[in-house]
Every structure is written in structure tokens, then in C-alpha cells.
Amino acid sequence: MSQLLLQRLSKFSPRNSSLIYEKARRVLSSSAATNPYVSLEISADLNEGGGTIIGSVLLFDAAKQDVLTVEKTIPEEMIVEGKGVGASHGWLFMEDQRDRSLSVTDVLNPLASKRETTVIPLPPLASLQLCQSKVGWNVAMSSSPPDEDDEDDWVVAIKFLGGQLSLCRPRRDLRWTNIQTPLLGYLDNSNLMYSKRDQCFYLPSPGGNHLFSYDIKDKDHPNPKFHVLQFRDLPELPQSEWEILVGSCYRTEYLVESASTGEHFLVKRYLYLSLTLLATFVINFVTETSFLRYIQRYLKNGQDYKTKQFMVFREEETLEGGRYMCYTDNIGDVCIFLSSSEAFCVQASSFPGLKPNSIYYIGQGFGIYNITNGNSTPFQGAPAKLSASFWLPPFSI
């Protein structure tokens with residue numbers, strides 16, 4: 001038997017985080033619901049003679065701030081050139097880099113069967129004219145995959161870096177429905193999310209001034225609906241601070257829906273790039289062989305950036321159908337989770353150890369941001385950056 005690393009989803013593991021390693025590893029009982037987790041690592045013992053591949057999944061518990069190990073059967077296709085491209089509802093989107101085939105799997109779910117990991121294949125990808133489908137930006141799903149005999153619709157969507165959005169119903173469609181997003185270049189790195197309340201996928205525009213929605217009830221997926229957002233009650237900041245945020249920061253937006261109330265929050269994340277880091281950015285750009293991979297690594301994964309500030313806006317709808325986004329520094333008992341996976345939020349009181357009115361973030365730092373006072377607290381023993389990990393929402397049987 002030989003130890004084989006299938007995929008290190010992040011650099012954060014017990015081997016390089018001694019403070020957390022000292023805490024006892026534990027295997028989760030399948031009789032309980034879970035806290036929100038971060039995916040850390042998938043590893044396995046490969047029997048060279050063939051046969052079942054038994055491995056383990058390392059997860060970081062956000063509430064208890066320790067690492068747990070779950071024994072799992074690892075799909076063979078994840079061993080050779082397997083790559084995680086995103087996550088939604090706790091399901092991992094995997095790409096086999098040998099033939100670029102895609103699948104979704106529950107391998108990260110500690111409550112799923114450890115003997116029979118579920119893998120659902122997705123249709124082959126194709127690129128629209130003036131678009132590409134090699135570099136994904138993020139993914140979203142309308143729900144977790146239902147049972148095979150369940151007739152409920154289940155829609156998955158992939159937003160690629162650039163102008164392509166692809167949707168399909170995996171158990172019904174033989175091919176993707178590929179859509180070019182409006183205004184070529186405008187939504188290139190927008191973060192996709194699914195709204196259960198509105199039954200549609202949303203893409204926020206740069207700056208968050210507009211939303212584009214795609215109704216999954218419309219089988220033909222026509223042109224998206226366009227929504228104008230009006231901002232109110234902006235925070236009172238010194239002019240010099242606004243100049244830094246506007247002139248020296250890269251900004252990204254996330255639309256998040258509360259599963260319990262259906263309430264929407266728009267989160268603006270400001271990432272600071274110093275002159276020293278900018279020089280590194282330019283040098284690496286010149287030496288990078290793949291422009292798209294470069295953009296994905298630096299903008300999405302946060303290399304050479306640091307998180308400077310978050311702003312949270314609560315959606316308020318008017319009787320006329322307009323949408324106002326009102327700045328708030330108090331979202332109550334809610335925690336928001338941001339990473340390369342689809343953003344989500346939970347009630348802190350339901351998971352003892354979570355801090356209410358906070359943002360748990362990965363990518364440009366790894367820590368907890370207090371929305372009221374603007375202070376960030378890194379997780380003990382964690383590295384400054386977790387570039388390729390996913391927050392996973394609570395699992396339950």
C-alpha cells in the first residue's frame with residue numbers, strides 16, 4: 001500500500017498548523033448534523049493491485065476550530081488528474097483533467113455513506129463563440145441532487161471566467177444550455193448564486209449596481225432580467241478612506257440568501273494591492289504562459305491581495321418592485337460564509353461556537369470579520385491565505 005495524495009484543496013492541514021494539530025482528530029458520528037466546515041485535504045491508500053480505494057477527508061470545523069478526519073471511499077477518477085473546480089450545497093464539482101469531463105460528488109459530506117461515494121456525471125462542455133469553458137469562475141446549484149426517482153427539477157450552473165454561463169438538469173439533459181452574458185466583458189468575474197426564494201440564478205454586476213437573473217422555470221433560458229439596485233445609507237468614512245477603497249482596491253461582490261428567512265444580503269469585499277504587490281503582479285503577468293489561469297489565480301484565489309474591508313447591504317423591496325440595498329453594520333444572529341464555493345449564511349445560535357454578525361472568509365486571508373467594528377480575527381495557527389478551499393454548509397441526514 002502506498003500513500004497517495006489525491007488533491008490538496010488547500011495548504012491548511014494539521015501538518016503545517018501545529019496549534020490545531022494538537023487538538024484531537026475526531027471522526028464525526030453520522031447521527032448528528034454538522035457545523036459549517038472548510039475542506040482541507042483528500043488523501044487515500046491506493047492498492048496497487050486494484051480494488052476499493054479507501055481514504056480520508058480532512059475538514060476544519062468553523063465553530064469548534066479543530067480538524068476532523070472522515071474515512072471515505074474515494075472515487076478512482078479523482079486520483080489521476082482530479083481537480084476541484086467549485087462547490088455548492090456541500091457537493092464538490094470535479095474535473096478530470098485527462099478529458100475535461102465534469103462530475104459532482106458528495107465525497108466531502110461526512111454524513112454520506114463512506115462505502116458508496118456518490119458521483120454524478122455532467123454533460124461535456126462546449127464553448128460559445130468569443131467565450132471559453134476551460135477556466136471556471138464559480139458554480140451554483142438549485143438544490144442538492146434529489147433521489148433518482150424524485151421528479152423535482154435539479155439545475156446546476158457554471159459561470160466561466162469571461163462571458164459564458166452554462167446550465168443543465170443533469171438527470172434530464174444530454175448537453176448544457178450555454179448562454180452568453182450581456183455586455184461582453186461586463187460580468188467576466190461575477191459570482192453566481194441561486195435564490196431559492198426567487199427560483200432563479202443571480203449574477204451581480206461589478207460594483208453591485210445591477211443584478212441579472214435567470215429563471216430556471218423557463219426551459220428555454222431566455223435573455224436575463226435586469227434589476228437596478230439603489231444604495232442607501234452609505235457608511236460615513238473619511239474622504240481619504242474612500243479614495244483608498246475606490247482607487248487602490250480590487251472589489252468583488254457576493255449576493256447571499258438566508259435559508260431561514262429568504263432575506264438577501266449584498267456583500268462588497270475590498271482587496272488591497274500595495275505598490276510592492278503590484279510590481280509582483282506585473283512581473284508574474286509577463287512570465288505567465290496562460291492569461292486565463294493567471295487572472296483566475298490572482299483575482300479569485302487572492303494571491304498577493306489582502307482583505308481590507310467588507311461592506312454589507314440588506315435588500316429592501318419597495319411596493320413598486322424596486323430594490324434598495326441599505327448599508328448595515330448589524331445583521332443580527334447571521335453569519336455569512338465566503339469562499340470559492342457558492343456563498344451561504346446560517347444562524348449563529350444554531351451552531352454554538354459561531355460568532356453572530358460576522359463574515360467567515362477564505363481566499364484573501366482566512367478568518368472572521370466582525371461587521372460592526374471591522375476587525376478581522378485569523379483562525380489560530382492558520383496560514384495567511386487559503387486559496388483553493390471551500391466553505392461547506394451544514395450537513396444533515
Side-chain angles (χ1 to χ4, degrees), residues 10 12 14 17 19-24 26 28 32-40 58-68 87 89-90 110 191 193 235 252-272 302 306-315 326-386 389-396:
S10 78
F12 180 37
S17 183
L19 290 177
I20 294 180
Y21 182 65
E22 291 171 1
K23 298 181 180 181
R26 57 191 173 85
L28 184 73
T34 74
N35 292 322
Y37 292 142
V38 173
S39 58
L40 299 180
L58 260 60
L59 303 170
F60 176 73
D61 188 318
K64 297 184 178 180
Q65 297 196 27
D66 65 354
V67 174
L68 63 93
H89 293 268
N191 290 298
M193 67 84 71
T252 185
E253 291 78 26
Y254 305 84
L255 188 65
V256 192
E257 181 174 277
S258 168
S260 58
T261 67
E263 191 173 25
H264 283 181
F265 300 97
L266 182 73
V267 182
K268 295 189 178 186
R269 185 178 193 170
Y270 293 86
L271 309 171
Y272 182 69
K306 66 177 181 179
T307 296
K308 177 173 177 57
Q309 186 172 336
F310 291 94
M311 289 187 189
V312 181
F313 298 84
R314 190 192 306 267
E315 181 188 69
C326 300
Y327 172 78
T328 181
D329 61 4
N330 186 1
I331 59 173
D333 190 40
V334 176
C335 299
I336 296 174
F337 291 80
L338 303 180
S339 67
S340 297
S341 60
E342 185 178 6
F344 64 91
C345 55
V346 301
Q347 302 297 123
S349 57
S350 299
F351 305 94
L354 292 183
K355 299 182 184 300
N357 196 40
S358 296
I359 296 173
Y360 286 70
Y361 62 95
I362 299 174
Q364 294 79 18
F366 176 43
I368 308 170
Y369 181 88
N370 185 298
I371 295 173
T372 297
N373 60 32
N375 292 333
S376 289
T377 305
F379 287 108
Q380 280 191 318
K385 291 182 288 189
L386 271 177
S389 288
F390 308 117
W391 279 117
L392 308 173
F395 296 98
S396 59

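Quick caveat, the model's predicted, so the values are computed rather than measured. Residue numbers count from 1 along this sequence.
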Side-chain donor/acceptor of Thr372 to backbone N/O of Asp329, under 3.5 Å: yes
What one should report as the nearest heavy-atom pair of His89 and Phe395 is O-CE2, 4.3 Å
To the nearest 0.5 Å, atom OH of Tyr360 lies from atom CG of Leu354 at 4.5 Å
Margin query: Given 3.5 Å as the limit, does a donor-acceptor pair link the side chain of Ser350 with the main chain of Ala348, or not?
Written below: no
Tightest non-hydrogen contact, residues Thr307 and Leu271, listed as OG1-CD2, 3.6 Å
Using modelled atom types and a 3.5 Å cut-off, is there a donor and acceptor pairing between side-chain atoms of Ser389 and backbone atoms of Ser39?
yes
Partner of Phe337 under ring-ring contact (aromatic ring centres under 6.0 Å, His included), picked from Phe390, Phe344, Phe351, is Phe344
For Glu257 and His264, the nearest pair of non-hydrogen atoms, with its separation, is OE1-NE2, 2.6 Å
### Query
Would Tyr254 and Tyr361 count as a close aromatic pair, with their ring centres under 6.0 Å?
no
Please assess Glu253 against Val267 for the test side chain to side chain contact (heavy atoms under 4.5 Å, CB included), listing each intermediate value before the final yes or no. CA-CA 6 Å; Glu253 291 78 26; Val267 182; over 6 Å; no
Heavy-atom closest pair (Thr328 atom, Arg314 atom, distance to 0.1 Å) is OG1-NH2, 3.9 Å
Which is it for Val312 and Ile359 under the side chain to side chain contact (heavy atoms under 4.5 Å, CB included) test, yes or no, and what are the steps along the way? CA-CA 10 Å; Val312 181; Ile359 296 173; 3.9 Å; yes
Exactly one candidate in Trp391, Tyr37, Phe379 meets ring-ring contact (aromatic ring centres under 6.0 Å, His included) with Phe60; the answer is Phe379
Value for CG (Asn370) from CD1 (Ile368), rounded to nearest 0.5 Å, stands at 10.0 Å
Separation between CD (Gln309) and OH (Tyr270), nearest 0.5 Å, reads 7.5 Å
Can you check side chain to side chain contact (heavy atoms under 4.5 Å, CB included) on Leu338 and Phe310, steps first, answer last?
CA-CA 11 Å; Leu338 303 180; Phe310 291 94; 3.7 Å; yes
Exercise for the section: Please tell me if the side chains of Asn191 and Arg269 come closer than 4.5 Å, counting only heavy atoms from C-beta onward. Expected result: no
If you define the side chain from C-beta out and look only at heavy atoms, does anything of Pro110 sit under 4.5 Å from Leu59? yes
Sub-4.5 Å side-chain heavy-atom contact between Leu58 and Val67: yes
**OP:** Using modelled atom types only, decide if a donor and an acceptor are shared between the side chain of Ser258 and the backbone of Glu263 within a distance under 3.5 Å.
**Re:** no
On a heavy-atom basis, the closest approach of Ile331 and Asn357 is N-OD1, 2.7 Å
Closest non-hydrogen contact found for Lys355 with Cys335 is O-SG, 2.9 Å
